[in-house]
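Reminder, nothing fancy here: chain letters follow the sequence lines and each chain counts from 1. For clarity, every value in this text was computed on a predicted model and none was experimentally measured.
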Amino acid sequence: MMIDIKFLRENPDAVRASQKGRGENVDLVDQIIAIDEIKRAAIAEFEALRQEQNTLSKSVGAAKGDEKTALLANAKELADKVKAADSKRAEVEEQTKQLVLQLSNLLDTEAPIGGEEDFVTIEHIGTPRDFAKDGFEPKDHVELGKLLGAIDTERGAKVAGSRSYYLTGAGAMLEFALVNYAIQSALKNGFTPVIPPVLVNPSAMEGTGFLGQAAENVYRIERDDVYLVGTSEVPLAAMHMDEILPADKLPMRYAGYSSCFRREAGTYGKDTRGIIRVHQFDKVEMFSFCKPEDAKEEHKRLLQWEKDFLNAMEIPYRVIDVASGDLGSSATRKFDIEAWIPTQGAYREVTSTSNCTEFQARRLNIRYKDADGTKAIATLNGTLVAIPRMIVAILENHQNADGTVNVPAALQPFLGKAKLELV
RNA sequence: GGAGGAUUCGCAUAGCGGCCGAGUGCGCACGCUUGGAAAGCGUGUAUAGGGAAACCUAUCGAGGGUUCAAAUCCCUCAUCCUCCGCCA
């Protein structure tokens with residue numbers, strides 16, 4: 001399930017409003033309410049018959065002789081009825097489940113309503129550099145990557161097709177430095193570092209909500225019925241699938257480092273140059289399990305840690321509150337951080353944090369337990385660093401007239417140098 | 001890829017057609033006992049669904065089958081362990 005069916009039964013208007021805000025199917029709500037009633041009737045009927053059968057079966061065991069023969073005849077007839085009622089119940093339950101799975105998460109009432117363009121800018125941090133004042137035209141990351149021997153997109157395309165690349169020399173070292181710095185900050189903030197599987201089974205994919213509208217962007221290995229994850233959010237969320245977590249351990253925070261795979265279907269014209277949009281990249285992802293009542297606070301914390309990272313990289317950026325139509329089915333609210341990319345004269349998404357409330361947890365059957373019993377848990381995720389886009393931002397923002405690039409102070413200990421030199 | 005074994009309530013196990021939602025030990029919680037603690041004693045200790053409630057229903061890796069009745073019998077699948085092969 002995703003939305004709590006009891007909640008839906010009692011607050012159908014709230015669910016309708018949410019679906020409408022996302023630009024998704026509103027009628028679904030009424031279809032579900034209708035079939036839910038049929039389902040409950042079917043359950044009641046099955047259970048009544050089953051109860052009768054259980055009682056009768058017990059008396060068969062105790063009876064002897066003629067009495068037993070007579071009871072057996074009755075019991076046989078009843079068994080058929082039970083079987084019929086049971087398959088009816090199973091059928092209706094499955095139909096209900098399929099419909100409920102189509103519902104997206106309930107929108108946060110504070111999330112802006114609208115499409116991709118209707119985001120609200122929350123703040124700007126830092127000032128885009130004035131290259132005119134510095135007296136040179138900025139080079140883009142592709143050119144810088146070549147001069148530094150850091151990025152090789154031509155050979156990437158030769159070997160693996162479009163949207164593929166090699167990180168070499170300083171580029172590869174930059175990745176290691178970024179990952180090490182990210183993991184070190186995550187450790188400070190109470191995260192457990194994780195290297196998760198990137199090849200997962202359908203239930204993990206389904207549970208995290210990536211087989212809905214997002215399915216087009218997922219690589220599937222048909223022969224073995226497994227998927228390549230587009231983010232370590234998937235294995236991190238599914239890690240506790242079918243588990244009950246102890247309340248006193250919450251929040252549980254994981255920092256996953258993994259490769260991410262995206263088909264990028266339907267983006268043919270977009271970002272064809274460089275490594276802004278690629279089929280494979282590495283990323284450090286924050287993931288948190290917490291009590292639903294703490295989720296909003298946790299979301300703010302994730303956002304703050306993302307900001308801390310950008311600040312440490314000394315890159316100007318803005319924070320946006322993503323609008324309802326552009327949220328993804330799991331998220332109730334999403335904040336993106338967009339870094340300033342000088343050669344594009346634009347802010348481009350580098351990290352993103354979503355509050356999924358109980359949506360994923362309900363589908364993955366993850367709960368927590370305290371003194372009062374077991375309850376729904378909330379999940380949240382946020383990018384600490386997505387390597388290629390961060391490399392783009394660093395190269396372009398910190399370049400010098402000769403093509404060398406200054407290394408942000410925070411990265412210098414990890415990279416062992418203050419400047420990337422030409423090769 | 002081939003052969004065998006396993007999968008039961010947090011953990012370890014018992015159960016091999018009805019008296020089993022399930023016994024025992026450990027663990028855990030509460031209480032008694034104690035100057036305090038340990039030991040001892042007692043009680044409790046899954047999850048989900050339906051119902052206003054009493055209560056009922058489901059779940060012994062998953063799914064199907066046999067049967068009036070399945071943890072127990074049969075089939076399929078998954079995972080783990082051991083051995084063989086292959087690869088590193």
Side-chain angles (χ1 to χ4, degrees), chain A residues 1-10 32-101 103 196-207 220-227 234-235 238-250 252 289 291-292 358-377:
Chain A
M1 317 291 129
M2 59 144 295
I3 291 275
D4 184 3
I5 186 99
K6 281 183 185 162
F7 177 87
L8 184 143
R9 221 181 269 155
E10 285 155 26
I32 290 170
I33 289 173
I35 198 160
D36 177 56
E37 244 171 76
I38 296 171
K39 184 190 81 172
R40 281 186 293 159
I43 289 174
E45 187 178 349
F46 162 72
E47 288 187 353
L49 283 167
R50 176 64 107 185
Q51 189 180 351
E52 202 181 326
Q53 185 189 33
N54 284 345
T55 327
L56 188 57
S57 270
K58 273 185 184 140
S59 57
V60 170
K64 291 198 175 76
D66 288 348
E67 195 191 346
K68 186 163 185 165
T69 319
L71 282 174
L72 270 178
N74 276 340
K76 192 147 198 165
E77 198 182 315
L78 190 55
D80 290 338
K81 284 194 200 159
V82 170
K83 202 168 252 181
D86 192 27
S87 47
K88 166 83 177 163
R89 178 196 58 83
E91 188 189 318
V92 182
E93 277 183 348
E94 181 57 27
Q95 285 171 4
T96 309
K97 189 183 161 199
Q98 287 311 320
L99 285 180
V100 173
L101 278 173
L103 279 176
V198 293
L199 216 45
V200 303
N201 58 34
S203 60
M205 224 48 178
E206 170 94 65
R220 177 171 177 211
I221 315 288
E222 200 160 337
R223 181 171 164 169
D224 297 293
D225 200 21
V226 289
Y227 296 88
V234 174
M239 192 168 160
H240 290 298
M241 182 160 56
D242 296 319
E243 291 181 28
I244 298 172
L245 308 176
D248 59 7
K249 289 265 184 65
L250 301 177
M252 285 170 74
F289 295 91
K291 296 181 186 176
E358 294 121 88
F359 183 88
Q360 289 178 330
R362 207 165 267 128
R363 295 163 75 114
L364 290 165
N365 191 27
I366 306 171
R367 288 156 292 166
Y368 79 97
K369 184 176 195 164
D370 65 12
D372 306 325
T374 58
K375 298 170 199 157
I377 206 167

#### Entry: Euclidean distance, E243(A) CD relative to N365(A) CG, rounded to 0.5 Å
10.0 Å
### Task
Give the minimum heavy-atom separation between I377(A) and I366(A), together with the two atoms involved.
CG2-O, 3.5 Å
### Message
Distance check, P atoms only: C81(B) and G65(B), in whole angstrom units.
### Response
32 Å
### Task
Tell me what K76(A) touches on the nucleic acid: a base, only sugar-phosphate, or nothing, going by heavy atoms under 4.0 Å.
sugar-phosphate
### Task
For A69(B) versus C20(B), give the span between their C1' atoms, rounded off to a whole number of Å.
13 Å
### Task
Describe the nucleic acid contact of N74(A) in one word from base, sugar-phosphate, nothing, applying a heavy-atom distance below 4.0 Å.
nothing
#### Entry: Range on RNA chain B touched by chain A, heavy atoms, distance below 4.0 Å
G18(B) to A69(B)
### Query
Under 3.5 Å, is there a donor-acceptor pair linking the side chains of Q98(A) and E94(A)?
yes
### Task
Before accepting this row, confirm whether a basic side-chain N of the pair K76(A)/D80(A) lies closer than 4.0 Å to the acidic partner's carboxylate O.
no
### Per-nucleotide pairing state of RNA chain B [Watson-Crick or G-U, under 3.5 Å; [ ] pseudoknot-crossing; | other strand]
((((((((.[[[[.)..(....]]]]((((((.......))))))(((((....))))).[[[[[..)....]]]]])))))))....
### Message
For a quick check of understanding: with a heavy-atom distance under 4.0 Å over all strands, which category does I244(A) fall into, base, sugar-phosphate or nothing?
### Response
sugar-phosphate
### Message
Work out how far the C1' atom of G27(B) is from that of A12(B), and round it to whole angstrom.
### Response
11 Å
### Query
Can you tell me how far C1' in G17(B) sits from the matching atom in U67(B), rounded to whole Å?
9 Å
### Message
Checking D86(A) now: which residues fulfil side-chain hydrogen bond (donor to acceptor under 3.5 Å, both in side chains) with it, not counting sequence neighbours?
### Response
R89(A)
### Task
With P as the reference atom in both, quote the distance from U8(B) to A14(B) in angstrom, rounded to an integer.
11 Å
### Query
When all nucleic acid strands are considered with a 4.0 Å heavy-atom cut-off, which category describes Q53(A): base, sugar-phosphate, or nothing?
sugar-phosphate
#### Entry: Check: R363(A)/Q360(A) side-chain N/O donor and acceptor closer than 3.5 Å
no
### Query
How far, in whole Å, is U13(B) from A6(B) if one measures between their P atoms?
13 Å
### Task
Remember a base hit wins even if backbone is also touched, and classify L72(A) as base, sugar-phosphate or nothing at under 4.0 Å, heavy atoms.
base
### Task
Please work out if A79(A) contacts a base, only the sugar-phosphate, or nothing of the nucleic acid, heavy-atom cut-off 4.0 Å.
sugar-phosphate
### Query
Which part of the nucleic acid does K39(A) contact within heavy-atom distance under 4.0 Å: base, sugar-phosphate only, or nothing?
nothing
### Pairwise P distance, U33(B) and G21(B) [rounded to whole Å]
38 Å
### Task
Write down the atom of P235(A), the atom of V200(A), and the distance for their closest heavy-atom approach.
CB-CG1, 4.4 Å
### Query
Toward the 5' end of RNA chain B, which comes first, R50(A) or E93(A), by nearest nucleotide?
E93(A)
#### Entry: C1' gap between U72(B) and A22(B), integer Å
12 Å
### Message
So which atom in K39(A) and which in T96(A) form the shortest heavy-atom distance, rounded to 0.1 Å?
### Response
CD-OG1, 3.7 Å
